[in-house]
Amino acid sequence: MESIIEVRDLHKSYGSVKAVDGVSFSVPRGICFGLLGPNGAGKTTTIEIMEGILRSDSGEVLFKGEPVGAHFKERVGIQFQSTALQDYITVRETLELFGSLYPHQRPIDEIIDICSLSDILDRDNKKLSGGQRQRMLLGLALVNDPELVFLDEPTTGLDPQARRNFWNLIGNIKADRKTIILTTHYMDEAEILCEEIAIMDHGRLIAQDSPPGLLSSNFEGVLVRIPVEQPPESLPERAVVKDGFLEIETNNVEEELRRLIDLHISLEGLSIHSADLDDLFLKLTGTSLRE
Amino acid sequence: MEFVRDRGTLIWNLAFPILLVFGFAFAFGGGGDDVFSVGYLGERPGDLEFFSLDHIDFVEYADRDEALEKVRYHQIDLVVDVPEQAFYVNESSTNGYLVRRLLTSMHGDRFVQQTVAGRPIRYVDWFVPGLIGMNMMFSGVFGVGFVLVRYRKNGVLKRLKATPVSALEFVSAQVASRFMIVVITSVVVFTATNFVLDFMMLGSYLLLLAITMLAVFCMISLGLIFATRIKSEELASGLMNVVTLPMILISGVFFSLEGSPPIVRTVSRIFPLTHFIDSARAVMLEGAGLAQVAPSMLVLAGFTVVFLITASMLFRWE
């Protein structure tokens, strides 16, 4: 598939800390691409280099196969992780103000529709709740009818219901055939929204594929987990003890359980589930994504 | 801890009061308050007892007309023209009466009395350009400075950087809107108070407005320098105070610099505020025309250009 944006071998250091250390990937047009990783993995640095806000130490960003040019800013929409808005102006005025900064803009009524802003249009920016604010910022990212939308942790700090509402809005944008680049540290969010994800840790990409592809290439079968107070003396094959749980990845649950019983390991609290992105992350990085 | 760890703020909180004390000592340096102020033309006659009296501030004038203007508007109490062996006094001035009695009782036969008449310049006539200048300086420097620093700190600038707006466009818009606000408030303050107090106005209102607009632009450009890259509002405020307070102390807002040590007057010439106040006073109180205030206006324009160039070289979105 044709790629809308591509990064090649990005490097960025802050002093002796390598925030981004040789990252390359390309994003096909029309999908939602998730950039995942724990806090401090380099997600925001990577995305801000792509947006043109930060300068990389080396490496390049290609937009539709060309180096980023003068009109790049007119064709992309950006929602930063945290942005203050001018106080004392209303949501509608803010949208109009930002719209007027672009040569090409989308009618404000459409933006209001897509982002469900009609109830807060005349409210002062500083009186918005967290969820309303994120909807408003998403609206701002869309005022110029961009082909590519960057969303940097748009749902961090929102309550579960507000997050779900926000996912619906992202669904609206996807329905418009726009490409979305999303960073998040919520695995469920990535699993629901993204066609393709890349996982970052310590400034490097450690995996990239579709969510099912990543799971099937890293896990066979299901995970059996049992809470254990201390590691049993003898462990079954392929079993690992982590964070107070004994974990076994298996294709044959019955056989595995029989072996556990034979080893006199208590099955109290046992759970069996198919691997999800959280498990994948634990496996790949050794740390929990939710830390 | 925030107070201690925000180094910039801490330093300015310590350094600033210290500077302020020194500033005052500097401006008011050299003796206590003088009761009378006497001008003289020509060489100061050291042998005359009158000229060695304490508590009289003796000011030398090179130009007789200028000195007579001062007597006319009660800004000095008396002028002695040494080469002509005459003195000039305003008959409606009480201080002038006392100083005249002192002089004639000490050297009655030496100088011939001449009188000058004129309405006194009230302190308020003299003070209003200073007040407007001060107000204009604060809203110019702090207005632009604070807004941009706050926008930088809380990310509004970063968001704008993500749009096609250029730094020049954004800053010009900020300057233009602030310029209109400050000019309008200055005009409103002047007009409203003038309505009640009827200031002495010997010159042209148009020229006064032109000087005001130039000075507002200059102050805003000065504020821009602080707004270019500072991220902390506390540091910005400290630095802006360091620039604005000396201007208030020694540019003649509240008291005349005549009779201050020459070095104070020299220092005051490097402050844009001094040039505004001097030329506004010249227009209002002396009826000065464009030719007389042109040097000050050129200095203001020069400052503006220097400030703008400095600011544009230093500007950063983040």
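No experiment lies behind these values; they were computed from the predicted model shown. Every chain is numbered from 1, with letters handed out A, B, ... down the list of sequences.
Residue A/L137 does not touch chain B at all, counting heavy-atom pairs closer than 4.5 Å.
Counting heavy-atom neighbours within 6.0 Å of A/R163 CZ, excluding the residue itself, gives a total above 12. The number of heavy-atom neighbours closer than 6.0 Å to NZ of A/K64, taken from other residues, nucleotides and ligands shown, is above 12. Heavy-atom neighbours of A/F166 CZ from other residues, nucleotides or ligands within 6.0 Å: above the threshold of 12. Under a cut-off of 6.0 angstrom, the local environment of NE2 in A/H202 is sparse, with at most 12 non-hydrogen atoms contributed by other residues, nucleotides or ligands.
Here the closest non-hydrogen pair linking B/A162 and A/I78 is CB-CD1, 3.6 Å.
For A/K174, the side-chain contact (heavy atoms from CB on, under 4.5 Å) test picks out A/C32, A/I170, A/I180, A/E195, with sequence neighbours left out. By the salt bridge (Lys or Arg N to Asp or Glu O under 4.0 Å) test, A/D119 is found to be paired with A/R135, residues two or more places apart in sequence or in another chain being considered.
Under the ring pair (Phe, Tyr, Trp, His ring centres under 6.0 Å) criterion, the residue pairs touching residues 44-64 of chain A are A/F63-A/F72, with sequence neighbours excluded.
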May I have a table of the donor-acceptor pairs connecting chain A and chain B at distances under 3.5 Å?
residue, atom, partner, partner atom, Å
A/E48, OE2, B/K158, NZ, 2.6
A/I53, O, B/K161, NZ, 2.7
A/K73, NZ, B/K161, O, 2.9
A/I78, O, B/R159, NH2, 3.1
A/A84, N, B/N154, O, 3.1

